[in-house]
Amino acid sequence: MDEKTKAKIATQYYEKGTSPLTDSEWDKLYEDNETVGYTSKGSVTHTYPLLSLQKTFSREELYTWRSQFTGQKCIATPKLDGSAVSLQYWGGELIKAATRGDGKVGVDITEKMRFLVPKDIKDTSDVIQIDGEVVVPKDVPNARNYVAGSLNLKDIEEFKKRATNLRFVAYDLRGHPGWWAKWTQLLTSLSKVGFHTVLDENLDSIYPTDGEVHRVDDLGEWYKQGQTAHHPKGSIAFKVQKQGEETTLVDVIWQVGKSGVVSPVAILDPVMIEGANVSRATLHNIQYIRDLGLEIGCRVEVIRSGEIIPRIVRRVTEK
């Protein structure tokens with residue numbers, strides 16, 4: 001896909017919430033929502049970069065990561081699936097709010113966030129940054145797309161109507177002069193001044209999630225670990241493979257990819273997966289079809305696991 005097309009899709013996603021991509025397709029095309037080619041008036045530079053997280057799908061890799069911190073407490077919280085936002089407070093007053101953007105510069109959404117977060121908090125004269133996720137209940141189709149579109153609405157009155165469904169959930173505060181020894185203490189103090197945080201109960205039953213975030217609780221140890229150019233070393237995201245949906249394999253067609261490789265694509269009886277109406281899935285190659293024992297008309301399980309096209313993972317045995 002050329003950069004002009006990617007920029008057009010990004011504008012649709014962020015400003016209108018009408019992107020042709022599902023959330024999973026968006027993740028694959030724009031790694032960690034770093035939108036190449038998307039620009040908007042009113043850009044804001046984050047006081048502290050919004051880095052992505054190191055990710056793993058393996059519990060063994062998760063345990064290996066945690067084994068580095070012998071004697072240290074690691075906290076697991078839901079990995080909320082919405083839109084990352086940073087808030088800047090100066091002297092306790094909200095002065096700026098911005099979308100994640102490319103992690104360094106985001107779109108100014110200050111006027112909208114005033115409807116979702118405390119306007120004033122007890123603080124010193126220092127500039128602090130509170131990071132969090134704006135989410136909407138999981139029963140809203142294409143929830144992340146809905147959130148992104150809401151945050152970039154030009155009509156503030158329309159945003160106010162949507163704001164009753166939206167929630168900002170804080171997961172970090174940076175710029176503080178070492179008031180807390182533990183990350184959990186930091187979040188508890190945020191809850192006392194009116195913020196929802198990732199320590200709140202039952203978040204994963206109300207809002208969409210795509211895994212867990214594991215983090216060293218001791219702030220001194222967390223900062224000691226440092227960071228790469230992309231992610232902090234004291235945190236990791238454990239991504240959960242979601243259960244697929246069952247449907248019928250209607251047909252198989254063959255298509256030529258950009259590299260010239262011919263590969264099979266499954267035509268499916270349409271099924272809703274994560275708010276998207278899915279009617280095609282990748283089959284990789286002929287051996288993959290043979291290994292799964294697929295036949296036209298059989299029942300199959302389909303998942304979305306960060307692939308551009310959904311994937312068939314097994315043939316469903318008839319009862």
Side-chain angles (χ1 to χ4, degrees), residues 3-27 29-47 50 80-89 93-120 129-171 194-196 198 203 206-210 274-277:
E3 295 304 312
K4 184 177 180 180
T5 302
K6 290 175 71 175
K8 182 178 179 181
I9 291 175
T11 300
Q12 286 181 288
Y13 188 94
Y14 277 114
E15 294 191 350
K16 301 177 182 179
T18 58
S19 167
L21 301 181
T22 65
D23 290 343
S24 296
E25 292 170 338
W26 178 265
D27 284 343
L29 185 59
Y30 304 97
E31 287 293 331
D32 300 304
N33 294 334
E34 295 181 7
T35 49
V36 178
Y38 176 69
T39 57
S40 175
K41 295 181 180 180
S43 296
V44 173
T45 299
H46 302 296
T47 305
L50 293 182
L80 296 172
D81 196 14
S83 290
V85 168
S86 76
L87 311 173
Q88 295 176 20
Y89 283 83
E93 180 182 354
L94 178 66
I95 57 172
K96 284 291 181 183
T99 60
R100 182 180 188 275
D102 64 1
K104 298 178 181 179
V105 178
V107 177
D108 189 337
I109 54 170
T110 309
E111 292 309 307
K112 300 183 183 72
M113 291 304 297
R114 293 186 191 280
F115 295 100
L116 301 181
V117 301
K119 299 180 182 65
D120 296 282
Q129 178 172 303
I130 298 173
D131 303 329
E133 197 90 357
V134 176
V135 290
V136 71
K138 61 172 64 176
D139 58 0
V140 175
N142 282 336
R144 194 197 314 155
N145 194 328
Y146 179 92
V147 171
S150 298
L151 293 178
N152 286 281
L153 285 169
K154 295 180 180 179
D155 186 343
I156 196 68
E157 293 301 318
E158 178 61 28
F159 178 81
K160 287 167 64 175
K161 294 177 184 177
R162 296 195 186 191
T164 56
N165 278 333
L166 300 171
R167 174 168 291 183
F168 176 82
V169 182
Y171 54 71
F195 284 95
H196 297 284
V198 290
L203 284 177
I206 303 172
Y207 302 104
T209 63
D210 61 345
E274 299 178 19
N277 191 27

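Keep in mind that this is a model prediction, so the values were computed, not measured.
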My understanding is that only one of Asp108, Thr47, Thr110, Thr45 makes a side chain to side chain donor-acceptor pair (under 3.5 Å) with Lys96; could you say which? Asp108
Name the residue from Leu50, Thr99, Ile109, Ile130 that meets the side chain to side chain contact (heavy atoms under 4.5 Å, CB included) definition with Ser86. Leu50
Return the minimal non-hydrogen interatomic distance between Gly82 and Arg144, and the atom names on each side. O-CG, 3.0 Å
Shortest non-hydrogen separation from Val85 to Val134 and the atoms involved: CG2-CG2, 3.7 Å
Scanning both residues in full, the closest heavy-atom pair of Pro118 with Leu94 reads O-CB, 4.4 Å
Can you tell me how far the CG atom of Asp155 sits from the CZ atom of Arg162, to the nearest 0.5 Å? 10.0 Å
Restricting to non-hydrogen atoms, name the atom on Met113 and the atom on Phe168 that form the minimum distance, rounded to 0.1 Å. CE-CD1, 3.7 Å
Might you point out which heavy atoms bring Pro208 and Pro137 nearest each other, and give the distance in Å? CD-C, 4.0 Å
Look at the aromatic rings of Phe159 and Phe115 and report parallel, tilted or perpendicular, splitting at 30° and 60°. tilted
With sequence neighbours excluded, residues passing salt bridge (charged side-chain N to carboxylate O under 4.0 Å, His left out) with Lys112: none
What verdict does the side chain to side chain contact (heavy atoms under 4.5 Å, CB included) test give for Arg167 and Ile206, after you've listed the backbone C-alpha separation in whole Å, the side-chain angles of each residue and the deciding distance to 0.1 Å? CA-CA 11 Å; Arg167 174 168 291 183; Ile206 303 172; 5.6 Å; no
Using 0.5 Å steps for rounding, measure from the NZ atom of Lys160 to the CZ atom of Arg114. 13.5 Å
With side chain to side chain contact (heavy atoms under 4.5 Å, CB included) as the criterion, how do Thr209 and Leu80 come out once you've worked through the C-alpha distance, each side chain's angles and the decisive distance to 0.1 Å? CA-CA 4 Å; Thr209 63; Leu80 296 172; 4.0 Å; yes
Closest heavy-atom contact between His46 and Val105? CD2-N, 3.9 Å
